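All values below come from the heavy atoms of this structure, side chains included, with hydrogens, waters and symmetry mates left out. In this text, all values refer to a predicted model and were calculated from it rather than measured experimentally.
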Amino acid sequence: MTCTLIKTKTRSPREINLSERVVHDLKRLHQGRGKSKYVFISPLGERYTNVSGRFRILTSKAMLDKGRHFRCHDLRHTHAIRALQSGAFIYDVARALGHSSVKTTEVYTAWLTRIAR
């Protein structure tokens, strides 16, 4: 199953392959949501319109070190680094991130050497 994002930074649609586990988890989250067509909804049953803002609020509540910041975009970096650590091919990671060139993805390889130290 795939998820197609229409509104992207580059203005070109991005298609993301979803694993069976992700599809299963999303379906499970959606159960019990009533008639809402959205997976992630507010306590009032409405969709979140500012995901990064809500993410910032939740992480600031959860962070013990108030001087540190963790952005929603940092999840993207974490995914790329963890995928490369797990042995994923850099070309597959580049495609998943929507990079037009693998050169952009090579930035993450510098983090792999930092982590190894």
Measuring from atom [atom1] of [X] to atom [atom2] of [Y], what distance do you get when rounded to the nearest 0.5 angstrom?
X	Y	atom1	atom2	result
Leu97	Thr104	CG	OG1	9.5 Å
Arg71	Arg76	CZ	CZ	11.5 Å
Leu84	His79	CG	NE2	8.5 Å
Thr2	Ile16	OG1	CD1	9.5 Å

Do [X] and [Y] make a side-chain contact, defined as non-hydrogen atoms from C-beta onward lying under 4.5 Å apart?
X	Y	value
Gln85	Ile81	yes
Asn50	Phe55	no
Val22	Met1	no
Arg54	Val51	no

Legend entry - CZ (Arg82) with more than 12 external heavy atoms under 6.0 Å: no

Legend entry - Linked, directly or transitively: Tyr91 and Val93 (ILVMFWY side chains, under 4.5 Å): yes

Legend entry - Cluster check Leu58, Phe70: I/L/V/M/F/W/Y, side chain < 4.5 angstrom: no

Inset, instruction - Give the ring-plane orientation class for Tyr108 versus His99, where under 30° counts as parallel, over 60° as perpendicular and anything between as tilted. - result: parallel

Legend entry - Shortest non-hydrogen separation from Ile57 to Ser60 and the atoms involved: O-OG, 2.8 Å

Inset, instruction - Measure across Ile90 and Glu106 and return the closest heavy-atom pair with its distance rounded to 0.1 Å. - result: CD1-CG, 3.7 Å

Inset, instruction - Take Asp25 and Arg28 through the test side chain to side chain contact (heavy atoms under 4.5 Å, CB included) and record every step on the way to the result. - result: CA-CA 5 Å; Asp25 289 345; Arg28 190 174 44 81; 3.6 Å; yes

